[in-house]
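All figures in this text were calculated on a predicted structure; none of them were measured in a lab.
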Amino acid sequence: MLRIGVDLGGSKTEGIVMDVDGQILVRERRATPQAEGYAAILANLCDLVRDLERRAGSHCRVGLGTPGAISTKTGFLKNSNTVCLNGRPVKQDLEQLLAREIRIANDANCFALSEALDGAAQGAPVVFGVILGTGVGGGIVVNGQLLEGAQHIAGEWGHNVLEPDGPPCYCGKHGCVETFLSGPGLARDFALQGGNTALDARAIAAAAEQSDTLAEAAMRRYLDRFGRALSVVINILDPDAIVLGGGMSNIARLYTAGLEHVARHTFNDELRTRILPNRHGDSSGVRGAAQLWPV
Ligand SMILES: [Zn+2]
């Protein structure tokens, strides 16, 4: 059966229809009507699914990827940045509206699944998928299966405390990995050390390439923190491959100098874990959502 994958983001909702060979047959992108609230977001999702099915000419299975997680306590969505979804029975409501079972997962988990099944880490037994974007997330796939964990937070390394004296995080702690390794985290660190507050992460990385002293120093701190933060994950999970996604994954030095920092901080005399750029780019989320269903 054909599979639909939907990536529900705060500003856009994207859907695809994927065939058994992993080819994308139909793709559609819409704005997420976040200001109109919960009912409008669900109606938009259902309309998108029906439109994709009409264009594909087939009834499909539906997988949904979204920030946040389904609470094991309540069955409701939690930790989503599309805040009107939090505390709502998103899965149950969508199943009723679409008259079928759906599968739902965290968007970083969808990324990890996509890259493990037919992406950059295809064939690797244990894969850690990492999102380095406006936030920092992660997902774990073992032998082609998502590892969700006892409370559905497996892989959430972004809120490990890296430096207890670091900046406050929205989660209530200080110095989380996310406060340093996200794009805004790099920009904040650069500004704190006297850098131009108008520069975003991409501009800072570019300035470092042009040998700007402050930008280069910020990048070196970033690469060292990248190494320390990932070494903690490797010491526990020891994955065969780590795939990087999100805007910051375009920084080429992560795969050279960053890798050396990871190796230096990992509890071993060599680093066999491969650190790879993603294969599917912006499509990883929708692909992984479709792949929540087997072929
Ligand atoms: Zn945090």
Side-chain angles (χ1 to χ4, degrees), residues 1-36 40-68 77 80-82 85 90-91 93-95 97-122 129-135 137 139 141 144 146 243-247 249-250 276-295:
M1 192 185 275
L2 296 178
R3 297 167 289 175
I4 285 177
V6 176
D7 185 10
L8 172 60
S11 58
K12 69 169 177 63
T13 304
E14 186 172 9
I16 58 162
V17 179
M18 183 187 272
D19 72 9
V20 291
D21 298 319
Q23 298 297 313
I24 295 177
L25 304 178
V26 184
R27 181 190 292 268
E28 190 169 324
R29 188 179 289 197
R30 300 177 171 202
T32 302
Q34 177 150 199
E36 293 162 50
I41 291 175
L42 289 198
N44 187 54
L45 272 174
C46 291
D47 196 55
L48 174 66
V49 165
R50 296 207 179 93
D51 208 39
L52 288 168
E53 286 188 320
R54 187 182 52 76
R55 290 171 63 193
S58 172
H59 188 77
C60 302
R61 287 172 161 160
V62 177
L64 175 69
T66 187
L77 197 72
S80 176
N81 58 356
T82 305
L85 299 178
V90 176
K91 182 172 190 288
D93 285 348
L94 273 178
E95 287 182 335
L97 287 165
L98 289 169
R100 76 194 77 172
E101 183 192 351
I102 67 157
R103 293 190 177 175
I104 183 167
N106 171 272
D107 54 355
N109 282 4
C110 291
F111 167 81
L113 187 62
S114 164
E115 291 297 331
L117 290 180
D118 61 3
Q122 185 174 9
V130 164
I131 300 286
L132 295 171
T134 52
V141 178
L146 260 179
V243 186
L244 306 184
S249 70
N250 296 321
L276 307 165
N278 64 81
R279 179 184 293 169
H280 293 304
D282 290 344
S283 292
S284 294
V286 277
R287 295 184 64 89
Q291 288 164 322
L292 292 170
W293 290 97
V295 174

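- Partner of Val49 under the side-chain contact (heavy atoms from CB on, under 4.5 Å) criterion, out of Ile102, Leu94, Leu98: Leu98 alone.
- Using a 4.5 Å heavy-atom threshold, the side chains of Ile24 and Val17 count as separate.
- Between the side chain of Thr32 and the main chain of Gly9, a donor-acceptor pair closer than 3.5 Å is present.
- For the residue pair Pro294 and Arg3, the shortest heavy atom distance occurs at O-CD, 3.9 Å.
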Open item on the list: Using the rule given for side-chain contact (heavy atoms from CB on, under 4.5 Å), can you reason through Asp7 versus Asp282, listing the C-alpha separation, both sets of side-chain angles and the distance that settles it, and then say yes or no?
Closed with: CA-CA 10 Å; Asp7 185 10; Asp282 290 344; over 6 Å; no
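- When every heavy atom of Gly119 is checked against every heavy atom of His280, the shortest pair comes out as CA-NE2, 3.7 Å.
- Between Arg27 and Glu14 there is a salt bridge, with a side-chain nitrogen of the basic residue lying less than 4.0 Å from a carboxylate oxygen of the acidic one.
- When all heavy atoms are compared, the tightest approach of Gln291 to Met18 is CG-SD, 4.0 Å.
- Leu244 places none of its side-chain heavy atoms less than 4.5 Å from the side chain of Asn278.
- One N or O on the side chain of Arg100 and one on the backbone of Cys60 form a donor-acceptor pair closer than 3.5 Å.
- Between Ser284 and Phe111, the closest heavy-atom pair is CB-CD1, 3.4 Å.
- Using a 4.0 Å cut-off between charged nitrogen and carboxylate oxygen, Glu53 and Arg55 do not count as a salt-bridge pair.
- Residues Ile41 and Leu8 form a side-chain contact, since some pair of their non-hydrogen atoms from C-beta on lies under 4.5 Å apart.
- No side-chain heavy atom of Thr13 sits under 4.5 Å from any side-chain heavy atom of Arg29.
- Closest approach of Leu292 to Leu64, counting heavy atoms only: CD1-O, 4.0 Å.
- No donor-acceptor distance shorter than 3.5 angstrom exists from the side chain of Asp93 to the backbone of Val90, with no hydrogens or angles considered.
- Nearest heavy-atom pair, Val243 versus Ala120, reported as atom, atom and distance to 0.1 Å: CG1-CB, 4.1 Å.
- Side-chain contact between Glu28 and Leu48 is present, with heavy atoms from C-beta onward closer than 4.5 Å.
- Between Arg54 and Asp51, at least one side-chain nitrogen of the basic residue sits less than 4.0 Å from a carboxylate oxygen of the acidic one, meeting the salt-bridge criterion.
- Of the candidates Leu2, Leu25, Val26, Leu52 forms a side-chain contact (heavy atoms from CB on, under 4.5 Å) with just one, namely Val26.
- Within the 4.5 Å cutoff, no side-chain heavy atoms of Gln122 are placed close to those of Leu117.
- No salt bridge links Asp118 with Arg279; every basic N to acidic carboxylate O contact stays at or beyond 4.0 Å.
- Without hydrogens or angle criteria, Glu95 side chain to Glu101 main chain gives no donor-acceptor distance under 3.5 Å.
- Panel note: side chain Asp21, backbone Gln23; no donor-acceptor pair is recorded below 3.5 Å.
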